[in-house]
Every structure is written in structure tokens, then in C-alpha cells.
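Numbers for residues simply follow the sequence, beginning at 1. Scope of the values below: all heavy atoms of this structure, side chains included, with no hydrogens, waters or symmetry mates.
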Amino acid sequence: MIKGFIFDLDGVITDTAELHYDAWKKLADEMGWEFDRDVNEKLRGISRMDSIKAIMDHNGVSLDENTIVELATKKNDIYVNSLDGMTQEDYLPGARELLTHLRSEGFSVALGSASKNANKVLQQLKATHYFDVIGDGNSVSKSKPAPDIFLFASEKLGLRPENCIVFEDAEKGIDAAKAGNFHSVGIGPEERVGHADIRFDTMKEATLFEVKSHFKDLF
């Protein structure tokens, strides 16, 4: 039986993708690196350190580890400063409604995000009360597609993976859910999350009724 729901943050609860893009773009411009939407797409769902290494690989750049950490920190500072402008208006359509519905029906709810700034984002959205457990980039060492963040969340909820549904918008996120033996809901296009158990174009379509209808034998 399904007893818990685990949500990615960016692209599922809210969309900070544009803020991330702007921060990486600013850093890349300062470094004289090429960075565009295509490169940015490769960063979806992966950690900050993995992201900067992907950008460096694209540009054929090699730097020592200390410099990489400094640059990743600089990008994060740019991004974190931009979060101050986030409000409750920045939920993706349908996300707050679903979280509210899950709360009213008594399901356990966790966050399973690669972001190390997840708490700040949830505070800006005034969303912390929706979550029993917050798993973020500080919770585990291996990022998606490793299932560690979702396993961390389910363990803290006291639930087995097969009793949880993961909501994800990234290919690597769905890979992580599958690797951990979780049920999965993909948010986004077929070519990105079509391998999820069920897929919706947007969170607005991913209502609890629709999810229950698909997993009807598990409720």
C-alpha cells in the first residue's frame, strides 16, 4: 500500500530552473566559457559539483579541485541571493494543491532534492509544514541517479521504498527512483521522463485522483 510521497523540488514543487540558469550563465560569462540552454539541460537533477564539471567538460577545461569548489561556491552565492525574491506565488500550478490534499488525507510526505538550498526555498514558499522529512544535498553523498536521497527520505519516514511514490522531473531522478525500487511519477516530456510509471506534462495534471487511478491496486 502507498503510505508516503517523496518530491523533488526544482521542476516539481517550484521552478528555480531560470534562477539556476542565470547564475551559471553569469559565472560562465565571467570565465569566458560557453554556456547555453542545451548545456543547461544536462544539469537537470544533478548536484552543483557535478554541474560545474559538466560545464567544464563541455568547454574542455581542467582546473584543480580547490578552484572548482571556489567557482561552485561563487555560483551558489549568486543563486542564493536571487532566492530572496521568491514568494508563495512561485509554487508550480497544482503543487500546493496536491501537498494540501496529501496532508488532509494523512499521507507521509518527504522532500528528496539534490539542492543544498532546499530549506531556504521551502521557507520562501512557506512550504515547510507540508513535509515530515526534508532530504537535500546535505543529506547524502551520492547524488541522483543513485537512489540514496530517496532511500534516506523513505527511511526517515519509516517506510519501505515500495510503499512510496516519487515525483520527479529529471531523467536521472526517475532512474534513481527505479534503482531504489520506488514507484514513480514523471513530470515533463516523454523524452525526459517517459520511463516513469506514469507521466504528466505538468504538476497541475498530476492530481491525487489521477495518481490514485493509475496506482489503484496500491491504495
Side-chain angles (χ1 to χ4, degrees), residues 1-14 16 45-48 50 88 91-92 94-188 193 195-200 203 206-219:
M1 298 296 289
I2 298 300
K3 298 178 179 177
F5 287 74
I6 304 173
F7 291 88
D8 180 38
L9 180 60
D10 293 340
V12 176
I13 303 300
T14 187
T16 59
I46 66 174
S47 69
R48 189 186 316 149
D50 287 342
Q88 292 183 78
Y91 282 93
L92 282 172
R96 181 161 43 178
E97 291 81 355
L98 177 58
L99 290 169
T100 301
H101 202 170
L102 292 176
R103 266 285 171 256
S104 68
E105 295 217 0
F107 288 102
S108 297
V109 180
L111 191 77
S113 169
S115 172
K116 291 187 175 180
N117 300 298
N119 270 299
K120 166 77 170 173
V121 173
L122 293 181
Q123 288 165 13
Q124 292 294 126
L125 293 171
K126 292 184 168 43
T128 51
H129 64 287
Y130 289 120
F131 297 91
D132 301 296
V133 169
I134 295 174
D136 62 15
N138 301 298
S139 304
V140 296
S141 56
K142 288 185 182 175
S143 58
K144 305 165 191 176
D148 297 34
I149 189 64
F150 298 141
L151 293 171
F152 170 87
S154 63
E155 183 180 344
K156 291 293 184 184
L157 289 174
L159 299 174
R160 295 165 63 86
E162 54 266 33
N163 299 128
C164 300
I165 295 178
V166 166
F167 275 66
E168 260 288 352
D169 75 313
E171 180 180 357
K172 288 183 174 66
I174 298 298
D175 292 343
K178 287 181 168 295
N181 202 32
F182 294 87
H183 303 286
S184 56
V185 173
I187 305 298
V193 291
H195 55 316
D197 295 326
I198 184 172
R199 183 192 67 82
F200 299 95
M203 276 296 285
T207 62
L208 185 55
F209 176 82
E210 289 294 336
V211 172
K212 279 186 170 181
S213 297
H214 179 79
F215 295 103
K216 54 183 178 290
D217 295 336
L218 297 174
F219 283 95

Any side-chain heavy atom of Met203 sitting closer than 4.5 Å to one from Tyr91?
-> no
4.5 Å side-chain heavy-atom contact, His183 and His214 | no
Go through the side-chain N and O atoms of Ser143 and Asp50 and say whether any donor and acceptor fall under 3.5 Å apart.
-> yes
Are the side chains of Ile187 and Phe7 in touch, meaning some heavy atoms are under 4.5 Å apart?
-> no
CD1 of Ile13 to CG of Leu98: how many Å apart, nearest 0.5 Å?
-> 7.5 Å
Quick one: side chain to side chain donor-acceptor pair (under 3.5 Å) pairs with a partner in residues 160-170, sequence neighbours left out?
-> Arg44-Asp169, Lys144-Glu168, Arg160-Glu162
For residues 146-157, tabulate all N or O donor-acceptor pairs below 3.5 Å that involve a side-chain atom, not counting sequence neighbours.
residue: Ser154; atom: OG; partner: Phe150; partner atom: O; Å: 3.3
residue: Ser154; atom: OG; partner: Leu151; partner atom: O; Å: 3.1

Would you call Arg103 and Asp132 a side-chain contact if the rule is heavy atoms closer than 4.5 Å?
-> yes
What pairs of residues pass the ring-ring contact (aromatic ring centres under 6.0 Å, His included) test when at least one of them lies in residues 114-134, not counting sequence neighbours?
-> none
Between OG of Ser108 and CD1 of Ile6, what distance do you get to the nearest 0.5 Å?
-> 10.0 Å
May I ask you to test the Leu92-Val12 pair for a side-chain heavy-atom distance under 4.5 Å?
-> no
Are any non-hydrogen side-chain atoms of His195 and Asp175 less than 4.5 angstrom apart?
-> yes
Which residues satisfy the side chain to side chain contact (heavy atoms under 4.5 Å, CB included) test with Arg48, sequence neighbours excluded?
-> Trp24, Ala72, Asn76, Lys116, Asn117
Would you indicate whether the side-chain heavy atoms of Leu9 and Thr16 approach each other to under 4.5 Å?
-> no
Any chance you could measure Glu171, atom CD, to Ile46, atom CD1, to the nearest 0.5 Å?
-> 11.5 Å
How long is the gap from CD on Gln88 to OG1 on Thr14, to the nearest 0.5 Å?
-> 11.5 Å
Taking Asp197 for the side chain and Ser184 for the main chain, is one N or O donor matched with an acceptor at less than 3.5 Å?
-> yes
If you count the non-hydrogen atoms of other residues, nucleotides and ligands that lie under 6.0 Å from NZ in Lys172, is the total more than 12?
-> no
Using the test side chain to side chain contact (heavy atoms under 4.5 Å, CB included), find all partners of Asp136 that sit at least two apart in sequence or belong to another chain.
-> Ala118, Asn119, Asn138, Ser139
Would you give the length of the straight line joining atom CZ of Phe167 to atom CG of Leu111, rounded to the nearest 0.5 angstrom?
-> 13.0 Å
Can you measure from CD1 (Ile165) to CZ (Phe215) and round to the nearest 0.5 angstrom?
-> 4.5 Å
Quick note, ring-ring contact (aromatic ring centres under 6.0 Å, His included) partners involving residues 95-117, not counting sequence neighbours, are Phe5-Phe107, Phe107-Phe219
Measure from the side-chain N and O atoms of Gln124 to the backbone N and O of Val121, and report whether any donor-acceptor pair falls under 3.5 Å.
-> no
